[in-house]
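Scope of the values below: all heavy atoms of this structure, side chains included, with no hydrogens, waters or symmetry mates.
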Amino acid sequence: MTVVKSTLPDAAREVAGEALQSTLVDLLGISLVGKQAHWNIVGPRFRSIHLQLDEVVATARTYSDTVAERAAALGVPPDGRPETIAAAYALPGAKEGWLRDDEVVRLMVETLESAIGRLRERIDATDKADPVTQDLLIGITAELEKQRWMFEAENWPRD
């Protein structure tokens, strides 16, 4: 049952809905990975990376709300339940316990890089189906690329 009637044709709504739901899962997962690392980071760069992780978490949470609301506006109920995120999350995650600052940087670079790759696939998929959703995904990609760059710069020169 669709409570909200979409302005998109059904096929386009399905493509956009799948892209938005997958993006929602990735963003909520990134926010959890970021917080896990935030709480467990140790090392000489603790403070700067600790604060940088808060920026990533805030970005992921803000965009997850925007993505969920876009899905709802299209008549696609967003699913951010913990069991959905746990079952569908496919990006790198944090290991248990304390994380050295260089491990956190590598984790965030890998996680963001993987999310960006998945977003680029969704950008391609939504090109014809829904340029509005595509535009949203492009904006998210730009911000995650910025965050990835900032983390990658933390480990220069490469260890």
Side-chain angles (χ1 to χ4, degrees), residues 4 14-126 130 132-156:
V4 176
E14 186 175 324
V15 168
E18 287 175 13
L20 290 164
Q21 179 59 39
S22 296
T23 301
L24 179 62
V25 167
D26 286 355
L27 290 169
L28 291 173
I30 289 168
S31 75
L32 294 171
V33 168
K35 269 302 177 188
Q36 182 68 19
H38 173 87
W39 297 320
N40 288 285
I41 186 171
V42 294
R45 295 180 295 163
F46 165 83
R47 181 153 175 77
S48 64
I49 296 171
H50 181 80
L51 295 173
Q52 191 175 351
L53 288 163
D54 273 341
E55 290 179 27
V56 171
V57 169
T59 297
R61 288 180 178 168
T62 297
Y63 275 120
S64 67
D65 189 52
T66 303
V67 164
E69 289 176 354
R70 176 69 185 153
L74 295 178
V76 177
D79 189 354
R81 295 172 301 148
E83 58 270 25
T84 300
I85 305 311
Y89 185 73
L91 302 175
K95 68 177 188 172
E96 184 179 348
W98 302 114
L99 299 166
R100 289 184 37 88
D101 52 6
D102 59 328
E103 290 176 310
V104 169
V105 169
R106 276 193 296 278
L107 169 65
M108 294 311 298
V109 168
E110 290 171 9
T111 301
L112 292 167
E113 191 170 300
S114 184
I116 290 162
R118 292 165 54 87
L119 275 161
R120 289 191 175 281
E121 291 172 6
R122 295 177 201 130
I123 288 167
D124 289 344
T126 56
D130 184 20
V132 176
T133 294
Q134 183 191 47
D135 184 58
L136 173 60
L137 299 177
I138 290 169
I140 295 167
T141 302
E143 182 59 32
L144 294 185
E145 285 178 335
K146 178 179 136 188
Q147 294 292 335
R148 183 196 167 280
W149 156 59
M150 291 181 171
F151 276 105
E152 188 172 44
E154 286 281 348
N155 272 353
W156 190 88

Tabulate below the donor-acceptor pairs under 3.5 Å that side-chain atoms of residues 52-59 make, not counting sequence neighbours, or state none.
residue	atom	partner	partner atom	Å
Asp54	OD1	Lys35	NZ	2.9
Asp54	OD1	His38	ND1	3.4
Thr59	OG1	Glu55	O	2.9

Report, one line per pair, each donor and acceptor closer than 3.5 Å where one atom sits in a side chain of residues 67-76; sequence neighbours left out.
residue	atom	partner	partner atom	Å
Arg70	NE	Thr133	OG1	3.1
Arg70	NH2	Asp130	OD1	3.2
Arg70	NH2	Asp130	OD2	2.7

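Looking at heavy atoms from C-beta onward, Val33 lies in side-chain contact with Tyr89 at the 4.5 angstrom threshold. Two residues are said to be in side-chain contact when any heavy atoms from C-beta on lie closer than 4.5 Å; Asn155 and Val109 fail this criterion. Inter-residue side-chain proximity for Glu154 and Met108 is flagged as unmet; no heavy-atom pair is nearer than 4.5 Å.
Considering only residues two or more places apart in sequence or on other chains, Leu28 meets the side chain to side chain contact (heavy atoms under 4.5 Å, CB included) condition with Leu24, Ser64, Ile85. Partners of Ser114 by side chain to side chain contact (heavy atoms under 4.5 Å, CB included), not counting sequence neighbours, listed by chain and number: Leu91, Pro92, Arg118. Arg100 pairs by the salt bridge (Lys or Arg N to Asp or Glu O under 4.0 Å) definition with Asp102, not counting sequence neighbours. Applying the ring-ring contact (aromatic ring centres under 6.0 Å, His included) criterion to Phe46, with sequence neighbours excluded, gives His50. Judged as a side-chain hydrogen bond (donor to acceptor under 3.5 Å, both in side chains), and not counting sequence neighbours, Gln36 has no contacts.
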Practice task
Walk me through it: do Leu107 and Phe151 pass the test side-chain contact (heavy atoms from CB on, under 4.5 Å)?
Solution key: CA-CA 9 Å; Leu107 169 65; Phe151 276 105; over 6 Å; no

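Note that the CG atom of Leu51 and the CZ atom of Arg45 stand 13.5 Å from one another [nearest 0.5 Å]. Between the CG atom in Leu119 and the CG atom in Leu27 there is a gap of 7.0 Å [rounded to 0.5 Å]. Atom-to-atom distance recorded for Thr111:OG1 and Ile116:CD1 is 10.5 Å, nearest 0.5 angstrom. The CG atom of Leu136 lies 9.0 Å from the OG1 atom of Thr126; values are rounded to the nearest 0.5 Å.
Among residues at least two apart or in separate chains, there is no salt bridge (Lys or Arg N to Asp or Glu O under 4.0 Å) pair with a member in residues 84-93. The side chain to side chain donor-acceptor pair (under 3.5 Å) contacts involving residues 14-25 comprise Thr23-Arg122, where partners must be two or more places apart or lie in separate chains. The salt bridge (Lys or Arg N to Asp or Glu O under 4.0 Å) pairs that include a residue from residues 71-93 are Asp79-Arg81, Arg81-Glu83, where partners are two or more places apart or lie in different chains. Applying the side chain to side chain donor-acceptor pair (under 3.5 Å) test to pairs two or more places apart or on separate chains, those with a residue in residues 138-147 are Arg120-Glu145, Glu143-Gln147.
For Glu152 and Arg148, the salt-bridge test passes: some basic side-chain N is under 4.0 Å from an acidic carboxylate O.
The nearest pair of heavy atoms linking Ala19 to Leu137 is CB-CD1, 4.2 Å. Of all the heavy atoms in Trp39 and Trp98, the pair that sits closest is O-CZ3, 4.0 Å. The two residues Ile140 and Tyr63 make their nearest non-hydrogen contact at CG1-CD2, 3.3 Å.
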